[in-house]
Amino acid sequence: MNPKTVVRKILPILGEFAANPVRVARVLPDEWRQRRGKAQLKESDFDDDWYEHLHALLGAPWPCPDAAAIHGLLAEIGALLSAKGLGTGRHTYGWYSDADIELCSAIWCSVLHSRPAVVIETGVAHGISSRIALEALSRNDRGHLWSIDLPHPLHHELHGTTGVAVTDECRPRWTYLEGESRRMLPPLAAKVGKVELFIHDSLHTAKNTLFEMDQAASIMPAGGIMLIDDIRGHDGFATFARAHPDFRTVLCSTADHQAGFGIAVRTPAG
């Protein structure tokens with residue numbers, strides 16, 4: 001890596017450490033594990049026809065008459081962020097990335113076809129996935145999104161851009177909860193009582209992914225859907241799938257093969 005690039009990445013961390021050494025020291029180990037996770041999956045493990053198979057799991061028509069609308073919505077969101085001087089895509093929220101088009105497409109169609117009353121997501125960043133879910137909920141005229149997010153722990157200057165993709169028109173269906181999912185998710189699960197769509201896009205370690213999936217599974221009815229982002233660098237998703245045969249799973253790659261997410265749909269008992 002270019003020395004200038006190294007310095008550019010390290011300086012904000014040093015500044016955060018000087019301002020809040022306890023918080024930075026607490027989050028650094030997990031940030032390191034997340035960024036240095038070893039690939040657990042081969043490209044051949046992923047399903048090239050995942051989008052069609054998602055619709056089959058949802059009992060939705062294919063080809064999907066609603067799928068193309070995601071492109072116009074993402075273009076609108078991109079224009080909004082550009083107008084605010086922000087980028088989209090890989091590594092535009094510190095070293096974190098916005099939801100890619102494949103995950104956004106899965107969220108869009110999962111909401112439209114399953115018509116959930118309760119959606120929970122972890123991880124917000126610029127709020128692209130939040131906006132996609134909210135637009136679909138609005139189109140259904142049904143449901144509410146709860147988003148749990150710990151703004152970038154090592155880039156305090158980014159906190160003001162968290163959720164900027166969510167427009168005022170979408171906010172009546174949105175509740176934003178700031179904090180770690182380990183602290184915020186259990187009381188939220190107890191409060192809402194059920195979740196029909198759960199989206200994980202927070203700390204991508206096996207331990208955190210399993211914790212969140214187990215929390216969601218504890219209140220997820222048959223037909224409920226989990227969309228779990230960034231599953232390449234750990235075995236959390238695979239571990240959950242082995243322990244929960246009542247979930248049917250699909251592995252989905254992105255066009256650039258850098259990321260990948262898992263779909264898990266709970267099947268009816270018996």
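Heads up: numbering here begins at 1 and tracks the sequence.
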For Glu212 and Leu185 the tightest heavy-atom approach is CA-CD2, 3.9 Å

- Using a cut-off of 6.0 Å, state whether more than 12 heavy atoms not belonging to Arg171 lie near its atom CZ. yes

With sequence neighbours left out, the residues meeting ring pair (Phe, Tyr, Trp, His ring centres under 6.0 Å) with His71 are none

Of all heavy-atom pairs linking Ser181 and Thr122, the shortest is CB-CG2, 4.1 Å

Notebook entry, point to check: Taking the side chain as C-beta and beyond, is there a heavy-atom pair between His257 and Arg232 under 4.5 Å?
Noted result: yes

Tightest non-hydrogen contact, residues Leu210 and Gly236, listed as CD2-O, 3.3 Å

Below 3.5 Å, can you tabulate the donor-acceptor pairs from side chains in residues 53-66 to any protein atom, sequence neighbours excluded?
from  : atom 1 : to     : atom 2 : distance (Å)
His53 : ND1    : Asp47  : OD2    : 2.5
His53 : ND1    : Asp49  : O      : 3.4
His55 : ND1    : Tyr51  : O      : 2.8
His55 : NE2    : His113 : NE2    : 3.4
Asp66 : OD1    : Arg139 : NH2    : 2.7

Problem set entry | Aromatic plane relationship, His204 with His200 - under 30° parallel, 30 to 60° tilted, over 60° perpendicular | perpendicular

Interatomic distance, CG@Leu73 vs SG@Cys104, rounded to 0.5 Å, equals 8.0 Å

Pair Leu145, Val111 - check side-chain contact (heavy atoms from CB on, under 4.5 Å), show working. CA-CA 11 Å; Leu145 169 66; Val111 174; over 6 Å; no

Give the C-alpha distance, both sets of side-chain angles, the deciding distance and a yes or no for side-chain contact (heavy atoms from CB on, under 4.5 Å) between Tyr176 and Thr162. CA-CA 10 Å; Tyr176 173 75; Thr162 300; 3.6 Å; yes

Here the ring-ring contact (aromatic ring centres under 6.0 Å, His included) pairs for residues 207-231, sequence neighbours left out, are none

Test side-chain hydrogen bond (donor to acceptor under 3.5 Å, both in side chains), reference Ser202, set Asp229, Asn208, Asp149, Thr209, output is Asn208

Would you check if Phe237 and Leu251 make a side-chain contact, meaning some heavy-atom pair closer than 4.5 Å?
yes

When rounded to the nearest 0.5 Å, the distance separating CD1 of Ile225 from CD1 of Ile107 is 11.0 Å

Apply side-chain contact (heavy atoms from CB on, under 4.5 Å) to residues Ile120 and Leu188 and explain how you reach the verdict. CA-CA 9 Å; Ile120 296 174; Leu188 176 60; 3.9 Å; yes

Interatomic distance, CG@Leu177 vs CE@Met184, rounded to 0.5 Å, equals 4.5 Å

Original post:
Side chains of Leu74 and Ile101: closer than 4.5 Å at any heavy-atom pair?
Top reply: yes

side-chain contact (heavy atoms from CB on, under 4.5 Å) for Glu76 and Arg131? Distances and angles first, verdict last.
CA-CA 11 Å; Glu76 180 183 330; Arg131 172 75 179 278; 2.7 Å; yes

So His126 and Thr161, do their side chains get closer than 4.5 Å, heavy atoms only? yes

Quick one: does any side-chain atom of Arg173 pair with a main-chain N or O of Gly143 as donor and acceptor, under 3.5 Å? yes

Ser129 and Glu121 have their tightest heavy-atom pair at OG-OE1, 2.9 Å

Residues Trp50 and Ala106: closest non-hydrogen pair is CZ3-CB, 3.9 Å

- Task: Taking the side chain as every heavy atom from C-beta outward, state whether His144 and Leu137 have any pair of such atoms under 4.5 Å apart.
- Result: no

Q. Is there a side-chain contact between Trp108 and Glu135, using heavy atoms and a 4.5 Å cut-off?
A. yes

If Ile, Leu, Val, Met, Phe, Trp and Tyr residues are connected whenever their side-chain heavy atoms lie under 4.5 Å apart, and connections chain through other members, are Leu80 and Leu134 in the same group?
no

The reported gap from CZ in Phe261 to CG in Leu227 (rounded to nearest 0.5 angstrom) is 6.5 Å

CZ of Phe198 to CH2 of Trp146, rounded to nearest 0.5 Å, is 14.0 Å

One should read off an interatomic distance between Asp230 CG and His234 NE2, to the nearest 0.5 angstrom, of 7.5 Å

| request: For residues Cys252 and Glu102, determine if any side-chain heavy atom of one lies less than 4.5 Å from a side-chain heavy atom of the other. | output: no

Looking at Asp141 and Arg115, is any side-chain nitrogen of the basic one under 4.0 Å from a carboxylate oxygen of the acidic one?
no

Ile263 and Val265 have their tightest heavy-atom pair at CG2-CG2, 3.9 Å

query = Is there a donor-acceptor contact under 3.5 Å from the side chain of Thr267 to the main chain of Asp246?
reply = yes

- Message: Is any side-chain heavy atom of Val195 closer than 4.5 Å to one of Val119?
- Response: no

